[in-house]
Amino acid sequence: MTTNLTYRVGARDELPGETGLAHMLEHMLFKPTTFDRKRKWREARAMRFEKATGCILNANTSRDRTTYFFNFPQAQLDEALAIEAERMTGIILTDPTLRPEQGNVLNEYDMYNGDPYFALDAAMHGAAFLAHPYGHETIGHRADIEAYTAVKLERFYRDYYRPDNAVLQIIGDVSLSDALQAVKSHFGEITRPDTPIPRRQIVEPPQEGLRRTTIERPTSINLFSLGFKHAGFPSAEWWQAALLVDILTDGPESVLHRALVDTGLASSVSGGVEETPDPNLGTITITLTEGTSQETIETTVRQCLAELDRNTIDSRRKSVQASTLTDLLFAREGSLSIARLLTECVANGDWSVYEALPELVSSVTTADIMQFKARAFVDANLTIGHCVQTR
Amino acid sequence: MHPTLNRSDTFSFLTLTSTGQDTVSLRLSADLFDRASVHETALSNLLPDLLLSGAGSYDRTGFLRAMNQLGGNLQLTMSDGVLHLTLLVGTHTYSKALGLVRTMLEAPSFTSSEFARAIASARNELAEALDDSRQQAVDALHRSCFSRYSRQYRPPLSQIKTALGKVTEADVQALYQRLQESFWYVSVAGPDSAHSTTERVLKRLRPAPTLRPLLLAQDQLAYERTLTLIDLPSRQNIDLAIGRPLPLTLDDPTFPAFAFGSHVLGKPGGFAGRLMQIVREKHGLTYGIYAQPAHATRTTTGLWQLRTFFHPSQVIVGLDATWTELRKLYARGITAHEHEQFQTILATSDILVRDSTHQYLKELHQYHRLDYNLEEQATFKESLRTVSRQAVNDAIKQYLDPTQLSVAGAGPIHAVQSEIDVWFARMA
């Protein structure tokens, strides 16, 4: 079975100068707690759980939430819940315990930032969002990571790691009454703080024209990226955006694969939209072949979008809807994969939309996608990015 | 959820039933290996793309559209000379999707225009792969560990690109013919109806062709430890693949003991392995460091490899920390506590894989396609869990001498190349 505890805190809650704090804190939740110290344990109960039982454990942070999960044989439910309850309140944050993990996070940052696709996407979001915190990546900026202190982390932890900011999932062969009883026995003593949860509602100002950004790298490839703003998950418009991106980029049948990869202008195309509650930037990224200019790709992409007609969208819509529905079927197969998808619904404020996802996908029509395309791909909604090789 | 396995003259068929299943996963593997050469590697890069490029009355677009509109996710890859096919689809459209797969396997079009397109695409993908530091390091380690006449050898990307220019349509037809003459391993998870449908199709696809003999022999490299460094200045970390040839087949009685010891050192995934506990958790030197034996079959040997990455400013400190753990393991072996702990960890992983029917099938197929029947799979897994501590430590002593390990690195090497050279010489 699987337990999954999601805190509704992520990169969006970080102030300038403290980007990446939510992710750094995620790493620190695998360190010993005050409870572990009382037991005179040198390592965290979560790590001991993994070694003692062979359970699967991990966590991840995104723009709006941080989530922790365990996958384990059924008999271990109490242990999993005990660990989550203890680390909700008992994490020890000191500069000596922070330092090694800070090194790991810097290493992780370098892993991402060394990838030109990631670096260009980060630049795109930075250009697209002047005010909204979606403008910075979840990993944060390197200088901010280097400047973390235990004091900053402690403040963030106390602000956001609390029972009224958390959603717990238990998925597996257990009765509702037994599960609730177990939750009560482990979490029942944890009280809700009197202070409000710090929330900042930052509205991105309207975009007044096309935005551009360029990064230069000594890579062996050149990249072109087209970003367009869209509504939050799981609104109808979000699904229109998701399906349109798939129509354009998903697989060899896709519009841009045929126009660019099959003709030798590009070696690959990809695209995606993120499941965030606030409006975000969907992106299409193209790897140019040697000798293809950025101008040629931009012109060709814009032409493809302009010429994308109802018949093509209709035919491709059926393909991408069928594929997405298959993905949703497979996402419900196994407790870990159920937890993954349910987490995104939780993070967007309404877990119950999980049941409605297939209907939301199926209800998107060709007319919807045509109308979305007309709205989304105007200059005042676009950000264009280039990664230019310097060697 | 209990698997069954039946074998005919031309295919082996494993099924896994789960009640109320509304999804089906199909996996097919066929060994097409003939001989190792750059030409064969280039050819292998093309076959998956070309099989998906039209069949029967469908052109490429028509075939892909037909599969996509059924919601079918069909993937083909080749690795170490083996073709792998995976189909994931809803139960309600499985029969039609399988029909398309049958058409693809029976009557691929292999048109000249698609051949030209596939060659160009493959060249472009190779250019893109130049920046993949992780893969470059792994491929370089393979070149250190395997003879160029061995199926696990990975030619440099530039050589593959040149060889693509010499591949002909007749070559592709010949490789496809090898597919028809190979023994197939097919595994399916889904309701009973999917199993019976699949078996019917397989019997029609595979009456009783003459099977080509499997090539069991393997050319051995006169191994010497080497250091290979590839400069990729666009990256920010140096990706490392460290290892050596492991002269054990899966059937060798020492393999389970060695695999157990490797697990204690660097269990892939999670934090339980020594390397993650020390190099990552204690020293904060890397986000990930894992190790495992790989690429062995029941009749051919593979290698042992450790994969990690360090920032250039910390690469020597990172390598030192890694080597400290390797030396400790080599000198003292695993402890009694670790022996007990990892027996539990391995037993639990067998339970957890069944959390998902399709993940379970994926694991079953990994053994199936290596020609394990169900009893042999169970015996092999049991042997991994029940080896004695003495056997583990003997295997470590025999095969994990740190002074014998090769190192391959790719990333921003330039500024630290001489330091790494000096370090490597010191480790001999």
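Chain A is the first sequence line, chain B the second, and so forth, proteins listed ahead of strands; every chain is numbered from 1. Any value given below was found using the heavy atoms of this structure, including those in side chains, with hydrogens, waters and symmetry copies removed.
For A:R99, no part sits under 4.5 Å from any heavy atom of chain B, backbone or side chain. In this structure, no portion of B:Y360 lies under 4.5 Å from any heavy atom of chain A. Using a 4.5 Å cut-off between heavy atoms, A:L336 touches chain B through backbone and side chain atoms alike. Contact of A:T287 with chain B is made through the side chain alone, with heavy-atom distances under 4.5 Å. When heavy atoms are compared at a cutoff of 4.5 Å, A:A266 approaches chain B solely by way of its backbone atoms N, CA, C and O. Interface remark: B:R134 contributes side-chain atoms only to the contact with chain A (heavy atom separation under 4.5 Å).
In terms of heavy-atom pairs under 4.5 angstrom with chain A, the leader among B:T61, B:I351, B:N73, B:T93 is B:T61. For the options B:G90, B:A66, B:G284, B:G269, heavy-atom pairs under 4.5 Å to chain A are most numerous at B:G284. Among B:R354, B:H311, B:H283, the residue with the largest count of heavy-atom pairs under 4.5 Å with chain A is B:H311. Note on B:D239, B:V89, B:L130, B:D132: by heavy-atom pairs under 4.5 Å with chain A, the leading option is B:V89. The choice from B:L232, B:T344, B:L346 that makes the most heavy-atom pairs within less than 4.5 Å of chain A is B:T344. Per-residue counts of heavy-atom pairs under 4.5 Å with chain B were compared for A:N113, A:T390, A:D250; the largest is that of A:N113. For chain B, the option among A:T289, A:D262, A:T263 with the highest count of heavy-atom pairs below 4.5 Å is A:D262. Interface summary for chain A: among B:G270, B:P233, B:S234, the most heavy-atom pairs under 4.5 angstrom belong to B:S234.
The CD1 atom of A:I56 lies 8.5 Å from the OG atom of B:S349; values are rounded to the nearest 0.5 Å. Taken from CZ in A:R258 to CZ in B:R60, the straight-line distance is 8.0 Å, to the nearest 0.5 Å. In this structure, B:D355 CG and A:S337 OG are separated by 7.0 Å, a value rounded to the nearest 0.5 Å. For the atom pair OG of B:S356 and CZ of A:F330, the computed distance is 9.0 Å after rounding to the nearest 0.5 Å. Taking NZ from A:K318 and CG from B:N68, the interatomic distance works out to 13.5 Å, rounded to the nearest 0.5 Å. For the atom pair CG of A:L106 and OG1 of B:T286, the computed distance is 12.0 Å after rounding to the nearest 0.5 Å.
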*asked:* Under the criterion side-chain contact (heavy atoms from CB on, under 4.5 Å), I'd like the reasoning laid out for A:E101 against B:R280: C-alpha separation, chi angles, the key distance, then a yes or no.
replied: CA-CA 8 Å; A:E101 204 56 38; B:R280 171 174 158 146; 3.3 Å; yes

*Just do the side-chain contact (heavy atoms from CB on, under 4.5 Å) check on A:S268 and B:E128 with the steps written out, would you?*
CA-CA 9 Å; A:S268 62; B:E128 199 176 318; 3.1 Å; yes

_Walk me through whether A:M111 and B:R235 qualify under side-chain contact (heavy atoms from CB on, under 4.5 Å)._
CA-CA 8 Å; A:M111 177 185 75; B:R235 294 284 159 175; over 6 Å; no

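Taking 4.0 Å as the cut-off between side-chain N and carboxylate O, A:R332 and B:D22 do not count as a salt-bridged pair. The pair B:E281-A:K31 meets the salt-bridge criterion, with a side-chain N (NZ, NE, NH1 or NH2) lying under 4.0 Å from an Asp/Glu carboxylate O.
Looking only at atom types and distance, the side chain of A:E333 has no donor-acceptor partner in the side chain of B:T23 under 3.5 Å away. Residues A:S220 and B:D131 have side chains that bring a donor and an acceptor to within less than 3.5 angstrom of each other.
Counting heavy atoms from C-beta outward, B:K282 and A:P100 have side chains that stay 4.5 Å or more apart. Between B:S121 and A:V261 there is a side-chain heavy-atom pair separated by less than 4.5 Å. Here the side chains of A:P73 and B:L352 are in contact, with some heavy-atom distance below 4.5 Å. Side-chain contact between B:F271 and A:L57 is present, with at least one heavy-atom pair separated by less than 4.5 Å. Looking at A:S315 and B:R65, their side chains come closer than 4.5 Å, going by heavy atoms from C-beta outward. The side-chain heavy atoms of A:Q321 and B:Q69, taken from C-beta on, include no pair separated by under 4.5 Å.
In terms of modelled atom types and a separation under 3.5 Å, the side chain of A:N107 and the main chain of B:Y287 share a donor-acceptor contact.
Heavy-atom minimum distance, A:A322 versus B:L70: CB-C, 4.3 Å.
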